[in-house]
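Take a look at the structure set out below.
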Protein chains: 2
Amino acid sequence: MEEQALSILRDHGLSVTTVRKGILDVFLKTGQALSHSDLEGQASGQLDRVTVYRTLQAFVGKGIIHVIPTSDNSLRYALCRDACVDGHHHDRHVHFICHHCGKATCINQLDVPSVRLPRGYRMQEVSMVVHGVCPNCD
Amino acid sequence: MEEQALSILRDHGLSVTTVRKGILDVFLKTGQALSHSDLEGQASGQLDRVTVYRTLQAFVGKGIIHVIPTSDNSLRYALCRDACVDGHHHDRHVHFICHHCGKATCINQLDVPSVRLPRGYRMQEVSMVVHGVCPNCD
DNA sequence: ATGATTCTGCAACTCTGTTGCAAATTTAGT
DNA sequence: ACTAAATTTGCAACAGAGTTGCAGAATCAT
């Protein structure tokens, strides 16, 4: 686990620090998509809000995590499955958010179906988010 | 235009006020998906922030407008195309957000493709948002 | 080990969104 | 058209989310 976090940081050209390893560990342990405030609470030892913001930004920029927009206006972040090159994310899977427990999950088995946009539109990223009730809460 | 706003309000059982007609007019005129701050600026005469929030909430609740989540953490709102019953939205179309001009558009011609979730997940709402460059900015 | 670079945490600030309340407006009944 | 009840508005005050600048601490490369 510790090792995994370390190599993720190295592989993406980020310097290895306690905070970054800590935050990555939370992602690795929970396997969930987490909000900013989730992280502030869960990571061992109190984290500075500002540092969390900047760390998440760095991770997104390097393609370590991706952003999941939700209709309740609270962004979630989740580990990228495969190698995401800097800036360009290949996370074309569906995301699920449970109305009951609030947990956000990557449905890795389910890719976002491709759509054909009307003439003139150029597509860069797609996101598909399903809201509903998850297996645990049903 | 004026008439249209008025009948929308009546049809959804909301009392008719200057503010509500004004906000609806902006939606009708622009035909775009607007953020909260778009509205604060655009509506004729200065609007109180709080009133705009409450008006949008009321409209969403009554099915007059729907919410579009974006990955830059700013919700957009857009008129519902058809009759949306209270609370239950039938806006299953794809949304597009331009990275260049920032405008959000409903692609009414394009329905969100249906997906089959893994066993145990119960689906309530789906949203599909495409980020890219729109015809005007290309 | 050391200097250069990067990261962290603090303070202070802005922006976003919410709540309570009194005055103004709208609605419905007569 | 008038009035009472209900709803809406705008203000003030607040809570939370997110940003910026900077000095000290940690990390990296040599």
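Keep in mind that the numbers below use all heavy atoms, side chains included, and drop hydrogens, waters and symmetry copies. A, B, ... follow the sequence lines: proteins, then strands. Residue 1 opens every chain.
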Subject >> Chi angles and distances behind the side-chain contact (heavy atoms from CB on, under 4.5 Å) call for B/Leu79, B/Phe59 >> reply: CA-CA 9 Å; B/Leu79 282 176; B/Phe59 285 5; over 6 Å; no

**OP:** Kindly write out the residues that satisfy side-chain hydrogen bond (donor to acceptor under 3.5 Å, both in side chains) with B/Ser15, not counting sequence neighbours, or none if the list is empty.
**Re:** B/Arg20

Original post:
Quick one: do A/Ile68 and A/Ile65 end up in the same hydrophobic cluster if we chain Ile, Leu, Val, Met, Phe, Trp and Tyr together by side-chain heavy atoms under 4.5 Å apart?
Top reply: no

**OP:** Nearest whole angstrom, please: distance from the P of D/dG10 to the CD1 of B/Ile23.
**Re:** 9 Å

Original post:
Considering residues at least two apart in sequence or located in another chain, which fulfil the side chain to side chain contact (heavy atoms under 4.5 Å, CB included) criterion with B/Gln109?
Top reply: A/Pro118, B/Ile107

Original post:
Apart from A/Tyr53 itself, what residues make up its hydrophobic cluster, given side-chain heavy atom links below 4.5 Å?
Top reply: none

Under 3.5 Å donor-acceptor pairs involving side-chain atoms of residues 126-138 of chain B, not counting sequence neighbours:
| from | atom 1 | to | atom 2 | distance (Å) |
| --- | --- | --- | --- | --- |
| B/His131 | NE2 | B/Ser71 | OG | 3.1 |
| B/Asp138 | OD1 | A/Arg122 | NE | 3.0 |
| B/Asp138 | OD1 | A/Arg122 | NH2 | 2.8 |
| B/Asp138 | OD2 | A/Arg122 | NE | 3.4 |

Subject >> Selection residues 96-106 of chain B - residue pairs positive for side-chain hydrogen bond (donor to acceptor under 3.5 Å, both in side chains), sequence neighbours left out >> reply: none

Original post:
Taking only residues two or more places apart in sequence, or in another chain, which ones meet B/Thr30 in a side-chain hydrogen bond (donor to acceptor under 3.5 Å, both in side chains)?
Top reply: none

Subject >> By side chain to side chain contact (heavy atoms under 4.5 Å, CB included) - contacts of A/Ala104 (at least two apart) >> reply: A/Ala33, A/Arg76, A/Ile97

**OP:** Using side chain to side chain contact (heavy atoms under 4.5 Å, CB included) as the criterion, list what pairs up with A/Arg10, not counting sequence neighbours.
**Re:** A/Leu6, A/Val16

**OP:** Find the bend of the helix from C/dA1-D/dT30 to C/dT30-D/dA1 as the angle between its two terminal axes (five pairs each), to the nearest 10°.
**Re:** 50°

Can you check nucleotides 28-30 of chain D for protein contacts, nitrogen or oxygen pairs under 3.5 Å, and list what you find?
| from | atom 1 | to | atom 2 | distance (Å) |
| --- | --- | --- | --- | --- |
| D/dC28 | OP1 | A/Val16 | N | 2.7 |

Which protein N or O atoms sit under 3.5 Å from an N or O of nucleotides 28-30 of chain C?
none

Original post:
How would nucleotides 12-24 of chain D be written as a contact map, 5' to 3', with B for base contact, S for sugar-phosphate-only contact and - for no contact, using protein heavy atoms under 4.0 Å?
Top reply: B----SBBBB---

